[in-house]
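Questions regarding the structure given below will be posed in turn.
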There are 2 protein chains.
Amino acid sequence: MLYSIISIKSIDFWVFEMLSRKAKYGLLAMLALARRYGQGPVLIADLVTEEELPRKFLESILLELKKQGLLHSRRGRQGGYLLSRAPHLIFVGQIIRVLDGPLAPVSCVSQTAYRPCDECRDERRCGIRMVMQDVRDAMAAILDGRSLQDVVAMVAARERTDPGS
Amino acid sequence: MLYSIISIKSIDFWVFEMLSRKAKYGLLAMLALARRYGQGPVLIADLVTEEELPRKFLESILLELKKQGLLHSRRGRQGGYLLSRAPHLIFVGQIIRVLDGPLAPVSCVSQTAYRPCDECRDERRCGIRMVMQDVRDAMAAILDGRSLQDVVAMVAARERTDPGS
DNA sequence: TTAATCTCTATAAAGTCTATAGGAAATAAG
DNA sequence: CTTATTTCCTATAGACTTTATAGAGATTAA
């Protein structure tokens, strides 16, 4: 859970972000790699320039994605990063799970990292859990149903229907 | 974003919680008040005992819910808290928004607290945003579609179909 | 007047997020 | 086999959030 107070014209309000910067940067990089899939390794330096991301932070993010099997890499000259498989086989949900953890709003409804809540005394009769189970399932359906290829295609379609600035 | 490392049998893994303890405590208290709706004010002390919540923390939570119009209170003897309207008119999403902020996974898709992302250069062509818009809508549909009465009824139904310990 | 309650302000420990620094290891080219 | 390139690894740090607790103030009913 990440909060920040933004002050505009002396009005303070909360801004909530479920998705961390880490996950956003990771997704931006993965999408850039998806657009270049089949064209050989891409340098971190190029990703940093194109997507305007903090270099050192991105390095650690890509490393994590590599360790979890979503990326391959090569060191030295002609090195760089590439997707470990075709863009239609990598899903947004997989990337977010690697970088931000399980998709579940509470651990007791997680498929990938189940753990009972501390507060809960009778899980089967917990109303909060019943609602959050539905939320998790809905989120997972969307995030595990959108591949990098899908997202790239969505952006391309938008560009066609809404060109100009 | 709230993480904790849990160690069980020497295996460390991440546990992700989208819903803060604050929101959980608040929901538990609101559900308890929903079950007692129409029976006069309920003491903080009783909520603390029944739901096993930290008293001082709960005090500040209830105060916040009151200031946002979801609760009424009375001080002094015969005092306590009550729902400001009937349980079928208070929704889980309203409670979470008060305690944890907007439901949106990223601020640029929030209905109640829209703000462009720092990272985003062209919002209309942001693939992440397109996916997260769907996530927000799905979450909001669920959380704004479940009233306290609904949740209480779900738990009661579960109790009937699955009695015993 | 007193006891019971909610209300308010301040504070603090622990933990997370967002990076950055500096160098080690691997690879390709010449 | 040397050099330039590039990823990989470890350590560290500031800012911020979360989760509370303490202590006293304000209000109400009996």
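We name chains A, B, ... by the order of the sequence lines, and we start the count at 1 in each one. Bear in mind that the values here come from a model prediction, so they are computed numbers and not experimental data. The figures that follow rest on heavy atoms only: side chains count, while hydrogens, waters and symmetry mates do not.
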For this session: Send over the distance from E59(B) CD to dA22(D) P, rounded to a whole Å.
Result: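 Computing the E59(B):CD to dA22(D):P distance gives 11 Å.
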
Problem set entry | Integer-rounded Å distance: dC17(C) C1' and M18(A) CE |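 After rounding, the gap between these two atoms is 16 Å.
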
Exercise. For Y81(B) and K22(A), take the nucleotide of DNA chain C holding the closest heavy atom to each; which residue's nucleotide lies nearer the 5' end?
Worked result: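 Whichever sits nearer the 5' end wins; that is Y81(B).
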
For this session: Look at the side-chain N and O atoms of Y25(A) and state whether any lies under 4.0 Å from the OP1 or OP2 oxygen of dA19(C).
Result: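 Answer yes for this pair, as a side-chain N or O of Y25(A) is under 4.0 Å from OP1 or OP2.
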
For residues 130-143 of chain B, which side-chain N or O atoms pair as donor and acceptor with protein atoms under 3.5 Å away, sequence neighbours left out?
residue: Q133(B); atom: NE2; partner: D137(B); partner atom: OD1; Å: 3.4
residue: D134(B); atom: OD2; partner: R146(A); partner atom: NH2; Å: 2.7

Exercise. Excluding sequence neighbours, so at least two apart, what forms salt bridge (Lys or Arg N to Asp or Glu O under 4.0 Å) with D144(A)?
Worked result: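 Residues passing salt bridge (Lys or Arg N to Asp or Glu O under 4.0 Å) with D144(A): R97(A).
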
Exercise. Between V42(A) and R77(A), which is nearer to the 5' end of DNA chain D once each is assigned its nearest nucleotide?
Worked result: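 Per heavy-atom nearest nucleotide, the more 5' residue is R77(A).
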
Atom pairs and distances, side-chain donor-acceptor, residues 87-95 of chain B, under 3.5 Å, sequence neighbours left out:
residue: Q94(B); atom: OE1; partner: R85(B); partner atom: NH2; Å: 3.3
residue: Q94(B); atom: OE1; partner: F91(B); partner atom: N; Å: 2.8

For this session: Ignoring backbone atoms, establish whether Q78(A) has a side-chain N or O less than 4.0 Å from OP1 or OP2 of dT27(C).
Result: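 Answer no for this pair, as no side-chain N or O of Q78(A) is under 4.0 Å from OP1 or OP2.
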
Problem set entry | Stretch residues 62-76 of chain B: residues that reach within less than 4.0 Å of DNA chain D through a heavy atom |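 Contacts with DNA chain D under 4.0 Å: R75(B), G76(B).
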
For this session: Sequence neighbours left out, what passes salt bridge (Lys or Arg N to Asp or Glu O under 4.0 Å) with E123(A)? Give chain and number order.
Result: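 Salt bridge (Lys or Arg N to Asp or Glu O under 4.0 Å) check on E123(A) returns R129(A).
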
Exercise. Given atom CD1 of I44(A) and atom P of dT5(D), what is their separation to the nearest angstrom?
Worked result: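 Spelled out: CD1 on I44(A) to P on dT5(D) is 16 Å.
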
For this session: In whole angstrom, give the distance that lies between atom CD1 of I61(B) and atom P of dC6(C).
Result: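 Distance check: I61(B) CD1 to dC6(C) P gives 14 Å.
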
For this session: Measure across L58(A) and A29(A) and return the closest heavy-atom pair with its distance rounded to 0.1 Å.
Result: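 That closest heavy-atom pairing would be CD1-CB, 4.0 Å.
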
Exercise. Under the salt bridge (Lys or Arg N to Asp or Glu O under 4.0 Å) test, which residues partner K22(A), sequence neighbours left out?
Worked result: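 Residues passing salt bridge (Lys or Arg N to Asp or Glu O under 4.0 Å) with K22(A): E64(A).
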
For this session: In whole angstrom, give the distance that lies between atom CG of D46(B) and atom C1' of dA4(C).
Result: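 These atoms are roughly 13 Å apart.
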
Problem set entry | Distance in angstrom units between L19(B) CG and dT18(D) P, rounded |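 Rounded to whole Å, this separation is 12 Å.
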
Problem set entry | For atom CZ of R21(B) and atom P of dT18(D), their distance in whole Å |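 Result: 13 Å.
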
Exercise. For the atom pair CG (L43(A)) and OH (Y81(A)), what is the distance rounded to the nearest 0.5 Å?
Worked result: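 Between atom CG of L43(A) and atom OH of Y81(A) there are 11.5 Å.
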
For this session: Please work out which residues in residues 50-57 of chain A have a non-hydrogen atom less than 4.0 Å from an atom of DNA chain C and list them by number.
Result: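 Result for residues 50-57 of chain A: P54(A), K56(A), F57(A), sorted by number.
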
Problem set entry | Non-neighbouring partners of R74(B) that pass salt bridge (Lys or Arg N to Asp or Glu O under 4.0 Å), sequence neighbours left out |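 If we apply the salt bridge (Lys or Arg N to Asp or Glu O under 4.0 Å) test to R74(B), skipping adjacent residues, there are no hits.
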
Problem set entry | ring pair (Phe, Tyr, Trp, His ring centres under 6.0 Å) involving Y25(B) - partner list, sequence neighbours excluded |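 For Y25(B) the ring pair (Phe, Tyr, Trp, His ring centres under 6.0 Å) partners, ignoring immediate neighbours, are F57(B).
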
